[in-house]
Asks: 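Dropping a structure here in structure tokens format, bear with me for questions.
Note on naming: letters A, B, ... go to the chains in the order of the sequence lines (proteins, then strands), and numbering restarts at 1 for each one.
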There are 2 protein chains.
Amino acid sequence: MASNTIENYLKAIYSLQQKQEKVNITDVSKHLEVSAATVNNMMQKLKKMKWVKQEKYQPVTLTVEGEKRAAMIIRKHRIAEMYLTEKMGLGWENVHSIAEEMEHIDSSILFDRMDELLDYPKYDPHGSPIPNKDGKIVKMNFHLLSQAETGSLVQLVGVEDSSKELLEFLNQKMIRLGTEMKVLEIASFDKSLLLEMEEKDTLVLSSKVCNALRVIEVEK
Amino acid sequence: MASNTIENYLKAIYSLQQKQEKVNITDVSKHLEVSAATVNNMMQKLKKMKWVKQEKYQPVTLTVEGEKRAAMIIRKHRIAEMYLTEKMGLGWENVHSIAEEMEHIDSSILFDRMDELLDYPKYDPHGSPIPNKDGKIVKMNFHLLSQAETGSLVQLVGVEDSSKELLEFLNQKMIRLGTEMKVLEIASFDKSLLLEMEEKDTLVLSSKVCNALRVIEVEK
DNA sequence: TAAATTATTTAGATTGATCTAAATATAAGA
DNA sequence: TCTTATATTTAGATCAATCTAAATAATTTA
Ligand SMILES: [Mn+2]
Ligand SMILES: [Mn+2]
Ligand SMILES: [Mn+2]
Ligand SMILES: [Mn+2]
């Protein structure tokens with residue numbers, strides 16, 4: 001059995017691989033907030049286990065086996081999040097940190113049962129897809145709100161990070177998955193966006209927030 | 001924050017303290033299946049943290065603070081077990097090992113919510129009382145089936161261990177909490193019991209099993 | 001009570017996960 | 001291309017949690 005630490009590394013590499021071509025030691029280092037030397041050290045171990053491949057001084061990639069393991073951990077994480085929100089009534093801002101611990105529980109009975117009770121959900125409460133039992137995961141189609149153009153009408157389909165801080169901010173602004181927003185103006189000075197909300201009131205979001213919101217274009 | 005390891009030590013000492021006057025290093029060592037030297041080493045650390053007291057070469061005791069922490073971990077463990085059986089439909093034989101990991105999750109929101117959804121249960125699925133938020137725990141009244149006398153009518157109110165192995169054995173014999181059994185005969189050779197079950201059929205249980213079953217006397 | 005047994009402590013070592021500092025390699029910029 | 005900046009690796013250290021073996025204390029038995 002892999003330690004929680006090792007599982008967190010696999011998950012980190014997997015997540016980074018989803019949005020980048022190349023995953024550098026430094027990326028993993030920043031993502032997990034450990035030193036590059038520590039990551040390097042762990043990569044030696046993961047190479048021995050045949051879960052990652054890496055040539056000296058080159059980026060890392062998960063092997064097929066490593067990717068499968070990572071996907072299974074993420075699957076457990078997202079099923080747990082979904083269960084906690086849908087069946088227990090916890091807010092989307094509270095479930096990520098709990099799932100961060102539950103994902104390491106070794107019990108197919110538990111996660112299969114949650115999956116069943118949820119009727120096999122495809123997405124987690126933050127809009128990310130849940131890998132299936134084979135580790136297959138649907139490729140999401142979105143762009144970041146920070147990339148939207150003036151005049152476009154967009155709908156929130158996911159968030160880049162599931163931190164309590166961001167999600168409580170969104171709660172307060174009444175923004176949730178499915179919320180539609182029209183981009184009225186992009187401030188050239190700080191890249192903040194002026195948005196028209198569903199109730200016709202307007203709202204300004206900083207570029208930091210806009211960089212964390214996954215949206216799709218919708219018809220007017 | 002205490003590590004999972006430390007929390008498991010606190011829990012072990014607490015559980016042993018429930019059924020023994022004195023808790024020796026050796027008892028903890030056997031309970032957690034680590035060497036006595038390891039336990040000794042950990043006791044030095046727990047003493048520094050003021051969670052246990054121990055004079056050199058003497059038994060260990062939890063401090064008030066240590067006991068409270070232990071009770072909170074056990075509370076989380078038992079609420080989780082109850083939730084898994086009652087709300088998710090898992091069998092009593094499957095929940096202990098899951099709870100062993102869930103008990104370390106640091107989230108009052110999660111456990112308070114489970115407690116609420118369960119309507120504040122007093123006992124876990126194995127018949128053990130759930131400590132309240134102040135760490136108070138009701139003293140159970142029972143004796144082991146192995147201590148029962150010939151002719152007595154007893155009812156199962158709990159188990160000494162929650163291992164999958166024992167509980168699957170009990171499932172197979174149709175024995176669950178509340179099951180009544182009459183002691184027909186005690187074999188002097190191996191201390192096995194011949195029992196009359198509710199459906200009038202008879203059953204022999206080894207002393208090993210009888211030592212794991214908590215019963216109370218019931219009226220005939 | 002002396003000897004034997006059992007329990008506890010100490011000493012020294014190992015493993016996993018981490019760090020900082022320094023060395024080395026790669027990539028970017030002038 | 002040469003220099004500079006950035007990324008990776010190596011070296012050496014620390015801390016938590018464990019071990020075995022040996023020393024010491026406490027308890028039990030004869
Ligand atoms: Mn999450
Ligand atoms: Mn995790
Ligand atoms: Mn249990
Ligand atoms: Mn545990």
Asks: What is the distance from NZ of K47(B) to P of dT8(C), rounded to the nearest Å?
Replies: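 The distance from NZ of K47(B) to P of dT8(C) comes to 12 Å, rounded to the nearest Å.
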
Asks: Please give, in whole Å, the distance from dT28(D) P to N24(B) CG?
Replies: 10 Å

Asks: Run the salt-bridge test on K22(B) and D27(B) with the 4.0 Å N-O cut-off and return the result as yes or no.
Replies: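 Not counted as a salt bridge, because no side-chain N and carboxylate O are separated by less than 4.0 Å.
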
Asks: Can you tell me the distance, in whole Å, between the CE atom of M43(A) and the P atom of dT18(C)?
Replies: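 Rounding to the nearest Å, CE of M43(A) and P of dT18(C) are 10 Å apart.
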
Asks: Please report, rounded to the nearest Å, how far the P atom of dA7(D) is from the CG atom of L16(A).
Replies: 14 Å

Asks: Q44(B) has an atom CD; how far is it from atom P of dA11(C), in whole Å?
Replies: 12 Å

Asks: Could you list all N or O pairs between the protein and nucleotides 13-19 of chain D that sit under 3.5 Å apart?
Replies:
| residue | atom | partner | partner atom | Å |
| --- | --- | --- | --- | --- |
| dA17(D) | OP1 | S3(B) | OG | 2.6 |
| dA17(D) | OP2 | K45(B) | NZ | 2.1 |
| dT18(D) | OP2 | Y9(B) | OH | 3.2 |
| dC19(D) | OP2 | S35(B) | N | 2.8 |
| dC19(D) | OP2 | S35(B) | OG | 3.1 |
| dC19(D) | OP2 | T38(B) | OG1 | 2.6 |

Asks: Between T26(A) and dT6(D), does any side-chain N or O lie under 4.0 Å from OP1 or OP2?
Replies: no

Asks: According to ring-ring contact (aromatic ring centres under 6.0 Å, His included), who are the partners of H96(B), at least two apart in sequence or on a separate chain?
Replies: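 So H96(B) forms a ring-ring contact (aromatic ring centres under 6.0 Å, His included) with H77(B).
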
Asks: Expressed in angstrom and rounded to an integer, what is the separation of Y57(A) atom OH from dT8(D) atom P?
Replies: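 Answer to the nearest Å: 10 Å.
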
Asks: If every non-hydrogen atom of S192(B) is compared with every non-hydrogen atom of S206(B), which pair is closest and at what distance?
Replies: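 Distance-wise, the nearest heavy atoms are CB-CA, 4.1 Å.
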
Asks: Under a 4.0 Å threshold between the charged nitrogen and the carboxylate oxygen, would K11(B) count as salt-bridged to E103(B)?
Replies: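 Yes, E103(B) and K11(B) are salt-bridged.
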
Asks: Give the minimum heavy-atom separation between S97(B) and N94(B), together with the two atoms involved.
Replies: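 Distance-wise, the nearest heavy atoms are OG-O, 3.9 Å.
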
Asks: Quick one: do D115(A) and K133(A) make a salt bridge, cutoff under 4.0 Å?
Replies: no

Asks: Could you tell me whether E160(B) and R214(B) have a side-chain N and a carboxylate O separated by less than 4.0 Å?
Replies: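 Counted as a salt bridge, because a side-chain N and a carboxylate O are separated by less than 4.0 Å.
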
Asks: Nearest-Å distance, NZ (K30(B)) to C1' (dT6(C))?
Replies: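 So the two atoms are 10 Å apart, to the nearest Å.
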
Asks: Counting any heavy atom closer than 4.0 Å, what does Q54(A) reach on the DNA or RNA strands: base, sugar-phosphate only, or nothing?
Replies: sugar-phosphate

Asks: Send over the distance from D27(A) CG to dA27(C) P, rounded to a whole Å.
Replies: 14 Å

Asks: For dT26(C), take OP1 and OP2 only and decide whether either is under 4.0 Å from a side-chain N or O of K56(A).
Replies: no

